[in-house]
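Structure, as structure tokens:
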Amino acid sequence: MSYRLDAAISDFDRMRRWAEGATGAVVAPLAGRLGLLPLTTELRGDLPRLLRDLSRGGPVAHVEADFWGGDGDQTAALWRAGVREWGPVHTSDFSGPREDWPINAALALLGVVPAGPGAPDHHDLFAEVGLGRGRDEEDWRRAALEAYDADDYDAWHAGEQARREARERAAAERAAHERLPGVPVPLDGKEIIALLGIPQGRTVGGAIRHLQQLHVDHGPVSREEAEAALRTWAAERGVSATPG
């Protein structure tokens, strides 16, 4: 699988303000209040001037990467106050410490702070800011389009957090109705439908999952205990149940 990156990275809100006046320029949000500007052929026409202009309001990293099947190279440079302050640094040897890899080093100069020990992306700022979320210019342009309606980074971040929480709730809801493999229950689906007076559907799955969880937490449950537990479970959820 290939990975290609040629972009300028800096503060998201500042980059977005600049992009509003540049034809074809879009900015995709990254973690840490950063934004990524994919460098199209048009934008690369006078790249030094572009980076000088962008860096007058704050530091800008120019990052490049080209990988195929695990092999490839990285190049990075940092511009500040209209001049190139560091780089370009290039490597195709990634056997050394991750913090020394060109893009990680450039991100550190931008002020990105590594995660604490034990975090999955410890010392890999490339992964921390989310540069693995896109694999080419098209992916980053799509990410920029998805953030287009957000007024600023805070608005995008709040929306992203809300969407993530909604996905987590949906996943938890699905899990609550999925049967655990290998965990027995004393009542089958038809018996639960008859007991609770409910139609076939997700509620039956939730009832079975509830009985399985009781088995996991407390050991085998008798038929009588299962029926009583399901009536209580149904009452708590407002599910119609036939009287016992």
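In this text the structure is predicted, and so the values were computed from the model without any measurement.
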So do the side chains of Val60 and Ile9 get within less than 4.5 Å of each other, counting heavy atoms only?
no

Measuring from atom CG of Leu211 to atom CG of Leu230, what distance do you get when rounded to the nearest 0.5 angstrom?
4.0 Å

Verify the distance criterion only: is there a donor paired with an acceptor across the side chains of Thr91 and Asp93 at less than 3.5 Å?
no

Do Leu30 and Leu109 belong to the same hydrophobic cluster, where Ile, Leu, Val, Met, Phe, Trp and Tyr are linked whenever their side-chain heavy atoms lie under 4.5 Å apart, directly or via other members?
yes

Looking at Arg14, I'd like to know if its CZ atom is crowded, meaning that more than 12 non-hydrogen atoms belonging to other residues, nucleotides or ligands lie closer than 6.0 Å.
yes

Which distance, rounded to the nearest 0.5 Å, do you find between the CZ of Arg4 and the CD of Glu138?
13.5 Å

Indicate if Leu78 and Val129 have the same hydrophobic cluster label, given that clusters are the connected sets of ILVMFWY residues with side-chain heavy-atom separations under 4.5 angstrom.
yes

Quick one: does any side-chain atom of Thr75 pair with a main-chain N or O of Glu64 as donor and acceptor, under 3.5 Å?
no

Is there a donor-acceptor pair under 3.5 Å between the side chain of Glu165 and the backbone N or O of Ala162?
no

Let me see the working for Ile103 and Leu5 under side chain to side chain contact (heavy atoms under 4.5 Å, CB included), right down to the final yes or no.
CA-CA 11 Å; Ile103 293 180; Leu5 177 67; 4.3 Å; yes

Kindly assign one of parallel, tilted or perpendicular to the pair His157 and Tyr153, based on the angle between their ring planes and the thresholds 30° and 60°.
parallel

Verify side chain to side chain contact (heavy atoms under 4.5 Å, CB included) between Val204 and Leu196, making sure each step is shown before the conclusion.
CA-CA 9 Å; Val204 177; Leu196 300 182; over 6 Å; no

Atom CD in Glu128, atom CG in Leu34: separation rounded to 0.5 Å?
11.0 Å

Going through the checks in order, is the salt bridge (Lys or Arg N to Asp or Glu O under 4.0 Å) test met by Arg33 and Asp154?
CA-CA 8 Å; Arg33 308 192 70 84; Asp154 288 334; 2.7 Å; yes

Kindly determine whether Arg142 and Asp139 satisfy salt bridge (Lys or Arg N to Asp or Glu O under 4.0 Å), including the steps that lead there.
CA-CA 5 Å; Arg142 186 181 304 112; Asp139 286 349; 3.0 Å; yes

Check each of Phe126, Trp140, Trp68 against Tyr3 using the ring-ring contact (aromatic ring centres under 6.0 Å, His included) test, and report the only one that passes.
Phe126

Would a hydrophobic clustering, with Ile, Leu, Val, Met, Phe, Trp and Tyr connected at side-chain separations under 4.5 Å, put Val63 with Phe12?
no

Roughly how far, to the nearest 0.5 Å, is OG1 of Thr203 from CD1 of Ile208?
11.0 Å

More than 12 foreign heavy atoms under 6.0 Å from CZ of Arg49: is that the case here?
no

Nearest 0.5 Å, what's the CH2-CG distance between Trp156 and Asp13?
11.5 Å

d(Leu43 CG, Leu51 CG) to nearest 0.5 Å is 10.0 Å

Hydrophobic cluster membership, Trp18 vs Leu145, 4.5 Å side-chain cutoff:
no

Is Glu227 salt-bridged to Arg223, going by a charged N under 4.0 Å from an acidic O?
yes

Side-chain ion pair, Glu20 and Arg17, N-O less than 4.0 Å
no

What I want to check is whether the side chains of Gln161 and Arg164 have a donor and an acceptor closer together than 3.5 Å.
yes

Do Asp6 and Arg44 sit within salt-bridge range, that is, some charged N less than 4.0 Å from a carboxylate O?
yes

With clusters defined by side-chain heavy atoms of hydrophobic residues (ILVMFWY) lying less than 4.5 Å apart, directly or transitively, does Trp86 cluster with Leu125?
yes

Examine Trp101 together with Phe94 and report whether their ring centres are nearer than 6.0 Å.
yes

